[in-house]
2 protein chains.
Amino acid sequence: MAVHKKEEFTQKEQDLAAFAKALAHPARIAILKVLAQRNECICGEIVEILPLAQSTVSQHLKELKSAGLINGSVDGPRSCYCINWKAFEKFNQEFSWLFTNLKIKNEKSCC
Amino acid sequence: MAVHKKEEFTQKEQDLAAFAKALAHPARIAILKVLAQRNECICGEIVEILPLAQSTVSQHLKELKSAGLINGSVDGPRSCYCINWKAFEKFNQEFSWLFTNLKIKNEKSCC
DNA sequence: ATCTTATATCGCAAATATACGATTAATCAA
DNA sequence: TTGATTAATCGTATATTTGCGATATAAGAT
């Protein structure tokens, strides 16, 4: 867009939107599932499981990481990614707060 | 992108991602808040409250509607939008399910 | 019938996201 | 040191999103 107006909203709205954005692609949800199912952080397997090229998966991982949803560390020639449960919990609560907050105000729809 | 690969993921992953996408902009979160705070569906006020042009707000409303998060009906020369609590609750539960599901498998991160 | 008001839609421009192949970088093994 | 392996980054193409002004539409008011 010509101008980006996102910063004109509240910080909380921006944070929630950023979190939602990180989850706004099925590949990233799938990645989170894979990470959760493994006890070890095997990264290369994600590429094999997902129907995407290695570079694309790497990009999605980068986005999840910059959103704070996963941690990553270098382990020799391979990388290790894990879910950042703390951040995840925080956003889970913020979402619940949003849902509850919205619902408390007006239980029924008028149209 | 050259090819869209979204449909190669599970339906549940796609649905969740679509829902997250609808929330992935602070303007849309702000709109939901406004809709929830009013007992009546006053649509024009949203334009006054948000720092966006009328046409842009209309577009965001359209996206929320097509995501199923809000209902809309024509009421004379003005439109009436309300939150679709049923759909909202469904997605809230799906999200909770995702969070819980992820966390159950592996409580602690390894990196 | 015309004017006003409220909202949707169209057309456009710019920004961002998605995807891939090619390349780079970094480590391990021989 | 060389070669193999793994993952990040770069460059590029295309699609989608965001945003606005202008226009269209639709109903109520005069």
Side-chain angles (χ1 to χ4, degrees), chain A residues 1-9 13-14 17-31 34-35 40-67 70-82 111, chain B residues 1-9 13-14 17-18 20-31 34-35 38 40-67 70-82 111:
Chain A
M1 48 254 138
V3 196
H4 40 344
K5 299 224 162 179
K6 283 184 183 172
E7 52 281 343
E8 298 195 29
F9 295 91
E13 285 163 356
Q14 290 182 55
F19 173 64
K21 198 174 190 176
L23 297 177
H25 195 289
R28 291 194 285 273
I29 290 179
I31 287 174
V34 173
L35 287 180
E40 306 169 37
C41 300
I42 300 155
C43 174
E45 289 185 22
I46 297 172
V47 177
E48 306 220 345
I49 293 170
L50 299 207
L52 297 170
Q54 180 265 322
S55 57
T56 307
V57 171
S58 196
Q59 246 180 69
H60 281 304
L61 284 167
K62 194 179 176 183
E63 279 176 72
L64 285 170
K65 193 176 178 184
S66 75
I70 61 176
N71 297 122
S73 64
V74 179
D75 172 29
R78 53 201 87 189
S79 289
C80 166
Y81 286 106
C82 308
C111 58
Chain B
M1 50 256 138
V3 197
H4 39 343
K5 298 223 161 178
K6 283 184 182 172
E7 51 283 343
E8 296 195 28
F9 295 91
E13 285 163 355
Q14 290 183 55
K21 198 173 188 175
L23 296 178
H25 195 289
R28 291 194 285 273
I29 291 180
I31 287 173
V34 173
L35 286 179
R38 313 278 158 171
E40 306 170 38
C41 299
I42 299 155
C43 175
E45 290 185 23
I46 297 171
V47 177
E48 307 219 346
I49 292 170
L50 299 207
L52 297 170
Q54 179 266 322
S55 58
T56 308
V57 170
S58 194
Q59 245 180 72
H60 281 303
L61 283 166
K62 194 179 176 184
E63 278 176 72
L64 284 169
K65 191 176 178 183
S66 75
I70 62 177
N71 297 123
S73 63
V74 179
D75 171 28
R78 54 202 86 189
S79 287
C80 166
Y81 285 107
C82 308
C111 59

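Chain letters run A, B, ... following the sequence lines, proteins first, then strands; residues in each count from 1. Here the structure is a predicted model, which is why all the values come from computation and not from measurement.
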**Item:** Euclidean distance, atom CD1 of residue Ile31(A) to atom C1' of dA19(C) [Å, nearest integer]
**Value:** 13 Å
**Asked** In whole Å, what is the span from the CG atom of Leu23(A) to the P atom of dT18(C)?
**Response** 12 Å
**Asked** Quick one: Leu61(A) CG to dT9(D) C1', roughly how many Å, whole number?
**Response** 14 Å
What does the list of N/O pairs under 3.5 Å between the protein and nucleotides 5-7 of chain D look like, with a distance for each?
unit_1	atom_1	unit_2	atom_2	d
dA7(D)	OP1	Gly44(A)	N	3.2
dA7(D)	O3'	Ser79(A)	OG	3.1

**Asked** In whole angstroms, how far is the C1' atom of dA19(C) from the NZ atom of Lys6(B)?
**Response** 12 Å
**Rounded interatomic separation in angstrom, taking CD from Glu8(A) and C1' from dG19(D)** = 12 Å
**Asked** Atom CD of Gln59(A) to atom C1' of dT14(D): distance rounded to whole Å?
**Response** 13 Å
**Message:** Counting the atoms with a prime plus P, OP1 and OP2 as sugar-phosphate, which does Glu63(B) contact under 4.0 Å by heavy atoms, base, sugar-phosphate, or nothing?
**Reply:** sugar-phosphate
**Request:** Using a cut-off of strictly less than 4.0 Å, decide whether Lys21(B) has a side-chain nitrogen or oxygen near OP1 or OP2 of dT17(D).
**Result:** yes
**Asked** NE2 of His25(B) versus P of dA15(C): gap in Å, rounded?
**Response** 15 Å
**Message:** When you measure from the side-chain N and O atoms of His60(B) to the phosphate of dT17(D), is any distance below 4.0 Å, counting only OP1 and OP2?
**Reply:** no
**Asked** Would you say Thr56(A) reaches dC20(C)'s phosphate, i.e. side-chain N/O to OP1/OP2 under 4.0 Å?
**Response** yes
**Request:** Quick one: pull up NZ in Lys62(A) and OG in Ser58(A) and give me the separation to the nearest 0.5 Å.
**Result:** 8.0 Å
**Complete:** When rounded to whole Å, the CZ to P distance for the pair Phe9(B) and dA19(C) reads 7 Å
**Asked** Which residue pairs satisfy the salt bridge (charged side-chain N to carboxylate O under 4.0 Å, His left out) criterion with at least one member in residues 49-61 of chain B, sequence neighbours excluded?
**Response** none
**Message:** Holding to side chain to side chain contact (heavy atoms under 4.5 Å, CB included), I want the full list of residues that pass it with Lys65(B), two or more places apart in sequence or in another chain.
**Reply:** Ile70(B), Tyr81(B)
Under 3.5 Å donor-acceptor pairs involving side-chain atoms of residues 22-29 of chain A, not counting sequence neighbours:
unit_1	atom_1	unit_2	atom_2	d
His25(A)	ND1	Ala27(A)	N	3.0
Arg28(A)	NE	Ala22(A)	O	2.7
Arg28(A)	NH1	His60(A)	ND1	2.9
Arg28(A)	NH1	Glu63(A)	OE1	3.2
Arg28(A)	NH2	Lys21(A)	O	3.2

**Message:** Closest-nucleotide mapping onto DNA chain D: is Ser55(A) or Pro51(B) further toward the 5' terminus? I mean the 5' end.
**Reply:** Ser55(A)
**Message:** For Leu35(A) and Ile46(A): C-alpha separation, side-chain torsions, deciding distance, then whether side-chain contact (heavy atoms from CB on, under 4.5 Å) applies.
**Reply:** CA-CA 8 Å; Leu35(A) 287 180; Ile46(A) 297 172; 3.9 Å; yes
**Asked** What pairs with Glu45(A) under salt bridge (charged side-chain N to carboxylate O under 4.0 Å, His left out), at least two apart in sequence or on another chain?
**Response** Arg38(A)
**Asked** Which part of the nucleic acid does Lys65(B) contact within heavy-atom distance under 4.0 Å: base, sugar-phosphate only, or nothing?
**Response** nothing
**Request:** Under the side chain to side chain donor-acceptor pair (under 3.5 Å) rule, collect the residues that match up with Gln14(B), sequence neighbours excluded.
**Result:** none
